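Chain naming here is simple, since letters A, B, ... match the order of the sequence lines and numbering starts at 1 in each. It should be emphasised that the depicted structure is a prediction, and the values quoted were computed from it without experimental measurement.
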There are 2 protein chains.
Amino acid sequence: MPTKASALQHGTYENLRHEIARQHPDFSDRLRVIAEFALEHPTEMALGTVAEVAQRAKVQPSAIVRFARALGYGGFTELQQVFRSRLVASVPPSYKERITGLRRDGRFQDANNPQAVLTRFASEGMVSLESLQDRVRQVDLARAIELLGAAETIYVLGLGGSFPVAAHLTYVLRKLGRRVVILDGLGSALGDQAASATPADALVAISFRVYNPDTARLFPELVARRLPVISITDSLLSPIVEGASVVFEIPDMPEAALRTMVAPMCLAQTLAVGLTLTLD
Amino acid sequence: MPTKASALQHGTYENLRHEIARQHPDFSDRLRVIAEFALEHPTEMALGTVAEVAQRAKVQPSAIVRFARALGYGGFTELQQVFRSRLVASVPPSYKERITGLRRDGRFQDANNPQAVLTRFASEGMVSLESLQDRVRQVDLARAIELLGAAETIYVLGLGGSFPVAAHLTYVLRKLGRRVVILDGLGSALGDQAASATPADALVAISFRVYNPDTARLFPELVARRLPVISITDSLLSPIVEGASVVFEIPDMPEAALRTMVAPMCLAQTLAVGLTLTLD
DNA sequence: TAGTTCGTGGAATGTTTATTCTAAGTCCAT
DNA sequence: ATGGACTTAGAATAAACATTCCACGAACTA
């Protein structure tokens with residue numbers, strides 16, 4: 001019964017991964033457990049003995065062998081060879097290291113290659129996260145969390161390019177059990193959405209150049225209603241600074257290709273999680 | 001004179017290399033041959049059996065064992081562990097290592113301090129961006145951009161925790177002049193929103209554990225309608241893999257406090273910008 | 001040259017390891 | 001409920017394995 005002839009084209013590790021994923025739904029209970037373990041712990045598959053792997057995956061040794069056979073291999077030993085090939089392939093011939101190191105620096109290669117674009121954005125993201133760590137002051141963080149903790153309802157305002165940050169903050173806060181209203185302007189009802197905000201609530205406003213006009217219009221109204229405000233923006237000259245209780249200034253990088261939302265996302269997440277952690 | 005006592009501090013692979021080099025002149029003929037072989041073929045030392053290594057080095061199996069003992073190990077098996085450690089260390093280029101490094105720095109201590117939370121998220125973000133650079137394959141990127149370029153309308157599906165990523169991708173693509181429909185399920189009209197999608201369009205699906213049920217439900221329908229699909233997810237076992245033309249797998253970090261959307265955001269941005277750059 | 005030490009090859013040994021087999025168990029369809 | 005197909009756990013087995021042992025031989029010493 002040559003069940004899986006396709007697997008016999010003893011392909012690379014990547015082929016094996018896809019083959020496992022493909023067959024995953026058809027596997028029996030135990031085999032599925034092993035499939036998941038194998039994909040998540042390829043190193044242990046490569047180096048462990050059948051007994052060790054079985055113990056880590058919490059199945060019987062015989063199940064491991066069945067798994068190998070189900071994929072078309074003669075036994076565990078054959079299957080293991082493929083996992084080992086991954087280890088061997090990943091050993092840096094030492095010059096490869098430098099190439100990828102350079103690539104990480106970003107100033108390498110012309111920008112018309114998609115990989116270079118990825119490298120660039122990833123590098124910019126890392127830089128912005130690093131500077132976020134340096135710039136954000138302990139006191140601002142503590143004060144912002146205090147305000148959020150005291151709020152009955154948290155209003156989140158972030159439109160245009162900042163909307164994903166607002167959405168993420170809203171999502172995490174709600175997961176953590178907070179009452180949150182996101183001011184998304186759905187149905188052009190931005191003003192109405194914010195109508196019931198009181199000084200017992202709080203506002204998190206997020207805006208970066210070019211500043212969204214609706215944000216700029218609504219913000220002063222909410223300030224006038226004496227809500228405590230936490231602003232996340234890129235400059236002290238932005239329209240959401242005046243009247244804010246706490247301002248997090250995350251300037252854009254001098255020559256960034258496109259505003260990256262990585263740092264604001266990270267800060268938003270920190271506020272949300274920090275809130276629950278410090279309330280205990 | 002306890003010459004070999006130093007080797008007993010079962011150190012790392014690098015320590016072992018130096019120890020072998022140091023003792024090399026004092027070794028007997030056969031042992032010297034093995035020492036040279038070991039330094040030049042560390043991978044075979046890590047993965048081979050005694051018999052295999054002996055054959056490759058053109059010595060007797062017993063000589064291999066003697067070599068291990070001469071270095072202060074109990075036998076070949078113990079020695080081999082050190083060579084294996086080199087393989088496992090080289091596979092995740094930084095990733096976990098960096099995190100545990102940070103943890104050792106004490107920068108992770110007492111997570112109740114908001115600053116520590118920020119540091120933690122920022123660090124995890126940086127690590128995930130770094131591994132994104134390494135994991136994303138050139139061909140996948142090129143293929144994905146090709147699909148997006150050929151699409152009349154781009155549909156974006158990302159719900160729950162992935163919604164911010166979908167929102168960001170939508171925003172950037174629209175700024176760059178693409179026709180985009182975001183499937184946000186507004187008014188519970190998820191199905192209707194996707195009703196007009198044809199094979200001339202394309203879908204970008206984004207989903208991470210725990211997978212949103214609506215995403216899992218809608219995805220196969222769109223696949224059945226033969227749309228080219230680009231999936232961004234965390235595992236090949238996720239519900240949005242089967243039927244996808246391109247899959248970007250961004251696994252979660254082993255001990256992440258909370259799924260960070262930093263890497264997916266960055267990838268989304270790369271796709272959008274890469275699309276316009278490569279069309280010139 | 002005779003005696004001693006040390007290195008070596010190769011077979012013998014006892015252990016670990018993968019694999020196979022069978023009885024028991026589970027799940028469905030009837 | 002009952003029969004049948006399919007899984008599974010665990011012991012049994014056979015192969016592979018690292019290690020030990022010992023006899024032989026080379027090199028050095030007296």
Side-chain angles (χ1 to χ4, degrees), chain A residues 1-4 7-8 10 16 20 23-38 41-85, chain B residues 1-4 7-8 10 16 20 23-38 41-85:
Chain A
M1 43 268 152
T3 20
K4 239 54 264 194
L8 284 175
H10 277 172
L16 174 59
I20 292 175
Q23 295 206 42
H24 180 264
D26 304 331
F27 278 151
S28 68
D29 276 6
R30 228 28 69 102
L31 257 39
R32 207 164 329 170
V33 169
I34 299 171
E36 285 158 23
F37 180 86
H41 305 280
T43 302
E44 308 197 28
M45 292 293 288
L47 263 20
T49 68
V50 169
E52 284 165 356
V53 172
Q55 192 176 6
R56 292 280 287 111
K58 291 175 184 148
V59 297
Q60 288 294 323
S62 48
I64 303 288
V65 177
R66 279 202 306 270
F67 175 70
R69 302 194 78 101
L71 287 165
Y73 297 92
F76 175 70
T77 313
E78 266 183 47
L79 174 67
Q80 194 175 46
Q81 289 310 113
V82 182
F83 281 94
R84 290 188 168 189
S85 75
Chain B
M1 210 48 82
T3 14
K4 346 256 162 108
L8 284 175
H10 282 173
L16 174 58
I20 291 174
Q23 295 206 43
H24 181 263
D26 304 332
F27 278 150
S28 69
D29 276 6
R30 238 14 80 102
L31 257 39
R32 210 170 349 218
V33 169
I34 299 171
E36 286 159 20
F37 179 86
H41 305 281
T43 302
E44 306 196 31
M45 292 293 288
L47 263 22
T49 68
V50 169
E52 285 165 357
V53 172
Q55 192 176 6
R56 292 280 287 111
K58 291 174 185 152
V59 297
Q60 288 295 321
S62 47
I64 303 289
V65 176
R66 277 202 296 272
F67 174 72
R69 302 194 76 101
L71 287 165
Y73 296 91
F76 175 70
T77 313
E78 266 182 46
L79 173 66
Q80 195 175 44
Q81 289 309 113
V82 182
F83 282 95
R84 290 189 168 189
S85 75

Next item on the list: Would you please name every residue forming a side chain to side chain contact (heavy atoms under 4.5 Å, CB included) with B/Gln81, sequence neighbours left out?
Entry: B/Arg84
Check: Are the side chain of A/Gln80 and the backbone of A/Thr49 linked by a donor-acceptor contact shorter than 3.5 Å?
Finding: no
Item checked: Segment of DNA chain C, first to last nucleotide, that comes within the 4.0 Å heavy-atom reach of chain B -> C/dG7 to C/dG10
Notebook entry, point to check: So does B/Glu36 have more than 12 non-hydrogen atoms from other groups sitting under 6.0 Å from CD?
Noted result: yes
Check: Phosphate oxygens OP1/OP2 of D/dT19: is one of them under 4.0 Å from a side-chain N or O of B/Arg69?
Finding: no
Next item on the list: Return the value, rounded to whole Å, for the distance between atom CG of B/Leu79 and atom C1' of D/dT19.
Entry: 14 Å
Next item on the list: Considering non-hydrogen atoms only, spot the tightest contact between B/Arg69 and B/Gly74 and give its length.
Entry: NH1-O, 3.0 Å
Item checked: CA sep, side-chain torsions, deciding dist, call: B/Leu16, B/Leu71, side-chain contact (heavy atoms from CB on, under 4.5 Å) -> CA-CA 9 Å; B/Leu16 174 58; B/Leu71 287 165; 4.2 Å; yes
Item checked: Stepwise side-chain contact (heavy atoms from CB on, under 4.5 Å) test for A/Val53 and A/Val59 -> CA-CA 9 Å; A/Val53 172; A/Val59 297; over 6 Å; no
Next item on the list: Indicate the atoms forming the closest heavy-atom contact of A/Ala57 with A/Val33, along with that distance.
Entry: O-CG1, 3.8 Å
Next item on the list: For DNA chain C, find the residues of residues 26-35 of chain B with a heavy-atom distance under 4.0 Å and give them by number; none if there aren't any.
Entry: B/Ser28, B/Asp29, B/Arg30
Next item on the list: Scan residues 47-63 of chain A against DNA chain C and write down, sorted by residue number, each residue with any heavy atom closer than 4.0 Å; if none is found, say none.
Entry: A/Thr49, A/Val50, A/Ala51, A/Ser62
Next item on the list: First locate atom OG of A/Ser62, then atom CZ of A/Phe76, and finally report the distance between them rounded to the nearest 0.5 Å.
Entry: 13.0 Å
Notebook entry, point to check: Quick one: CG on B/Asp26 to CZ on B/Arg32, what's the gap to the nearest 0.5 Å?
Noted result: 8.5 Å
Next item on the list: Hey, could you give me the CG/CD1 distance between B/Leu31 and B/Ile64, rounded to the nearest 0.5 Å?
Entry: 9.0 Å
Item checked: Partner residues of B/Glu52 under the salt bridge (charged side-chain N to carboxylate O under 4.0 Å, His left out) criterion, sequence neighbours left out -> none
Note to self: Both atom distances under 3.5 Å, Watson-Crick or G-U wobble: I'd like the secondary structure of DNA chain D as a dot-bracket string, with | for pairs made across strands.
What the structure shows: ||.||||||||||||||||||||.||||||
Next item on the list: Using atom CZ of B/Phe76 as one end and atom P of D/dT20 as the other, report the distance to the nearest whole Å.
Entry: 14 Å
Next item on the list: Looking only at non-hydrogen atoms, find the nearest pair between B/Phe37 and B/Arg56 and report the distance.
Entry: CZ-CB, 3.7 Å
Notebook entry, point to check: Which pair of heavy atoms, one from A/Phe83 and one from A/Pro42, lies closest together, and at what distance?
Noted result: CD2-O, 3.6 Å
